[in-house]
**Q** 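Before I ask anything, here is the structure I am working with.
Lettering follows sequence order; numbering is per chain, from 1.
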Number of protein chains: 2
Amino acid sequence: MSGYLGSFVHQVDAKGRVALPASFRRGSESEGFILIQVHEDALSLLPHSSWRPIEEELRELVRKQPQSRARILGLTASALEVSTDKQGRILIPDRMRELVGLGREALFVGALNKIEIWAPDRFEEKTRAPDTKFDRFIESIFA
Amino acid sequence: MSGYLGSFVHQVDAKGRVALPASFRRGSESEGFILIQVHEDALSLLPHSSWRPIEEELRELVRKQPQSRARILGLTASALEVSTDKQGRILIPDRMRELVGLGREALFVGALNKIEIWAPDRFEEKTRAPDTKFDRFIESIFA
DNA sequence: CCACTTTCCCCCACTTTTCCCCACCGGCCC
DNA sequence: GGGCCGGTGGGGAAAAGTGGGGGAAAGTGG
């Protein structure tokens with residue numbers, strides 16, 4: 001089965017709930033997700049199947065490089081297990097929304113193995129920067 | 001099932017009691033925890049299942065390297081078996097709270113196989129240091 | 001062996017947060 | 001139209017966090 005694709009803007013209601021795009025629910029509905037801040041500008045939403053090997057890698061990392069402990073602690077501290085309610089919505093805690101500037105609207109972006117959640121205006125900003133070298137590379141992949 | 005994730009600030013009451021975050025209770029409610037100071041700035045709280053192999057490793061270590069006995073004694077001396085009361089709270093002895101600068105508030109941080117308990121301001125300090133090289137590496141794990 | 005103090009932990013009470021459930025609205029397709 | 005599906009909103013029960021009273025148990029000193 002192919003990865004997450006597409007982008008969808010949904011409303012964040014007064015309780016912090018957002019509907020997960022229907023096309024992102026398939027399969028992962030029962031297993032649940034991990035919500036975590038990996039990048040500065042966005043939250044990442046990973047189905048358990050994607051999260052498991054990452055968790056294993058983090059465990060390995062802290063074992064082999066004890067000096068990375070604090071950094072990894074910062075990661076797991078801002079992570080959270082989430083599941084959808086009967087309406088297919090997830091709850092994003094206030095603190096997490098503030099971290100990435102999420103207001104009344106949330107932009108769900110399919111990113112293959114995971115889903116990213118952006119404030120719509122920030123996404124605009126970050127993806128607009130031109131990069132011809134990169135463009136050429138992308139075009140060559142599709143050629 | 002995945003490990004401990006998230007961070008939660010709870011009040012330490014006049015009796016030294018703190019509510020264990022509900023999401024950290026699941027499963028370990030019956031088995032109990034070991035509270036031990038491993039790092040300078042935080043207390044570690046390990047469910048028995050995580051503690052057992054560590055205890056075994058400590059025994060092994062003192063058997064093979066008798067000169068490490070004193071250090072290990074220092075570890076076990078300040079460790080403690082704790083269990084939750086009927087309200088889901090644990091009791092942190094005064095002396096242990098002083099060791100890591102815990103005041104009226106305690107920050108519970110999920111760290112996969114264990115839970116760390118920090119003074120909120122100290123945690124801020126320790127995890128804030130930016131490190132772009134490390135960030136790149138983390139991002140590559142999630143890619 | 002008996003007071004006396006201290007610590008612990010159970011119970012009850014209260015407030016806040018979470019989340020379950022029902023309802024509605026709009027678009028799409030038969 | 002009528003049924004279905006996807007997105008949105010809110011009421012209310014249940015759970016989580018917080019605080020204190022009081023009795024049992026453990027530690028201390030005669």
Side-chain angles (χ1 to χ4, degrees), chain A residues 4-35 43 45 77-98 102-110 115 117-120, chain B residues 4-35 43 45 77-98 102-110 115 117-120:
Chain A
Y4 298 108
L5 294 173
S7 57
F8 309 84
V9 177
H10 284 172
Q11 307 303 309
V12 181
D13 73 17
K15 298 181 180 178
R17 296 176 299 183
V18 210
L20 195 61
S23 63
F24 290 172
R25 286 178 214 159
R26 43 113 172 94
S28 311
E29 219 158 0
S30 53
E31 55 170 335
F33 296 87
I34 302 292
L35 180 66
L43 300 176
L45 189 64
S78 68
L80 182 60
E81 186 151 13
V82 300
S83 52
T84 62
D85 66 15
K86 241 180 187 171
Q87 281 67 356
R89 291 175 289 196
I90 59 169
L91 187 80
I92 305 180
D94 294 2
R95 201 175 141 280
M96 282 218 169
R97 271 184 289 139
E98 287 163 16
L102 270 190
R104 197 80 183 69
E105 298 198 318
L107 173 67
F108 287 82
V109 183
I115 299 160
I117 307 175
W118 289 71
Chain B
Y4 298 107
L5 294 174
S7 56
F8 310 85
V9 177
H10 284 171
Q11 308 302 310
V12 181
D13 72 17
K15 299 180 181 179
R17 297 176 299 181
V18 211
L20 194 61
S23 62
F24 290 172
R25 286 178 215 158
R26 327 227 173 263
S28 311
E29 219 158 2
S30 52
E31 55 170 335
F33 296 88
I34 302 292
L35 181 65
L43 300 176
L45 189 63
S78 67
L80 179 61
E81 185 150 15
V82 298
S83 52
T84 62
D85 68 15
K86 247 183 184 164
Q87 279 71 350
R89 291 175 288 198
I90 60 170
L91 188 79
I92 305 180
D94 294 2
R95 202 177 139 278
M96 280 216 157
R97 271 184 289 140
E98 286 163 17
L102 271 191
R104 197 79 184 68
E105 298 197 317
L107 174 68
F108 288 82
V109 183
I115 298 160
I117 307 175
W118 288 71

**Q** Nearest 0.5 angstrom please: F8(B) CZ to S23(B) OG, how far?
**A**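 So the gap between those two atoms works out to 3.5 Å.
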**Q** Report yes if at least one side-chain N or O of R26(B) is closer than 4.0 Å to OP1 or OP2 of dA15(D); otherwise report no.
**A**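 Looking at the OP1 and OP2 atoms of dA15(D), neither is under 4.0 Å from any side-chain N or O of R26(B).
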**Q** Calculate the interatomic distance between Q87(B) atom CD and dA13(C) atom C1'; express it in whole Å.
**A**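 Interatomic distance, CD of Q87(B) to C1' of dA13(C): 11 Å.
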**Q** Which of these nucleotides, dG19(D), dG7(D), dT18(D), is closest to any side-chain atom of D13(B)?
**A**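 The listed nucleotide nearest to D13(B)'s side chain is dG19(D).
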**Q** Find the distance Q11(A):CD to dG10(D):P and express it as a whole number of Å.
**A**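 Atom CD in Q11(A) sits about 13 Å away from atom P in dG10(D).
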**Q** Under 4.0 Å: is that the gap between some side-chain N or O of K86(A) and OP1 or OP2 of dC21(C)?
**A**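 Affirmative; the distance criterion is met.
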**Q** Just call it for L20(A): base, sugar-phosphate, or nothing, with non-hydrogen atoms closer than 4.0 Å on any strand.
**A**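 Sugar-phosphate: the residue L20(A), judged by heavy atoms under 4.0 Å, touches backbone atoms but no base.
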**Q** Starting from the 5' end of DNA chain D, give me the residue, V18(B) or S23(A), whose nearest nucleotide shows up first.
**A**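 Result: S23(A).
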**Q** Without decimals, in angstroms, what is the distance between L80(B) CG and dT7(C) P?
**A**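 Rounded to whole Å, this separation is 15 Å.
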**Q** Side chain of R17(B), base of dG20(D): donor and acceptor closer than 3.5 Å?
**A**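 It does, because a donor-acceptor pair links the side chain of R17(B) to the base of dG20(D) below 3.5 Å.
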**Q** Using side-chain heavy atoms (C-beta onward) and a distance below 4.5 Å, is W118(B) in contact with L102(B)?
**A**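 No, too far: nothing below the 4.5 Å cut-off.
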**Q** Mind calculating the distance between CD1 (I90(B)) and C1' (dC9(C)) to the nearest angstrom?
**A**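 After rounding, the gap between these two atoms is 15 Å.
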**Q** Measuring from the side chain of R89(B) (C-beta onward, heavy atoms only), which nucleotide among dC9(C), dC22(C), dG19(D) has the closest atom?
**A**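 Closest nucleotide to the R89(B) side chain: dG19(D).
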**Q** What's the shortest heavy-atom distance between Q11(A) and V18(A), and which atoms?
**A**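 So the two residues come closest at O-CG1, 3.5 Å.
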**Q** Across all strands shown, which nucleotide pairs with dG30(D) by Watson-Crick or G-U wobble geometry, both distances under 3.5 Å?
**A**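 Across any shown strand, dG30(D) pairs with dC1(C).
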**Q** When the distance from CG of D85(A) to C1' of dT8(D) is rounded to whole Å, what number comes out?
**A**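 It works out to 11 Å between those atoms.
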**Q** For R104(B) and dG17(D), give me the distance from atom CZ to atom P, rounded to whole Å.
**A**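 Answer to the nearest Å: 16 Å.
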**Q** Between dC19(C), dG17(D), dT8(D), which nucleotide has the shortest distance from any of its atoms to the side chain of H10(A)?
**A**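 Closest nucleotide among those given: dT8(D).
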**Q** In the structure I gave you, are the side-chain heavy atoms of D13(B) and R89(B) within less than 4.5 Å of one another anywhere?
**A**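 A side-chain contact under 4.5 Å exists here.
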**Q** Just N and O in the side chain of R25(A): are any of them under 4.0 Å from OP1 or OP2 of dC5(D)?
**A**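 For dC5(D), neither OP1 nor OP2 has a side-chain N or O of R25(A) closer than 4.0 Å.
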**Q** Can you tell me how far P of dG7(D) sits from CG of L91(A), to the nearest Å?
**A**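 Rounded to the whole Å, the gap is 17 Å.
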**Q** Would the base of dG21(D) count as contacting K15(B) through its side chain, where contact means a donor and an acceptor less than 3.5 Å apart?
**A**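 Such a pair is found, so the answer is yes.
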**Q** Please report, rounded to the nearest Å, how far the P atom of dT8(D) is from the CZ atom of F8(A).
**A**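 Computing the F8(A):CZ to dT8(D):P distance gives 12 Å.
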**Q** Which atom pair, heavy atoms only, marks the closest approach of P93(A) to L35(A)?
**A**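 That closest heavy-atom pairing would be CD-CD2, 4.5 Å.
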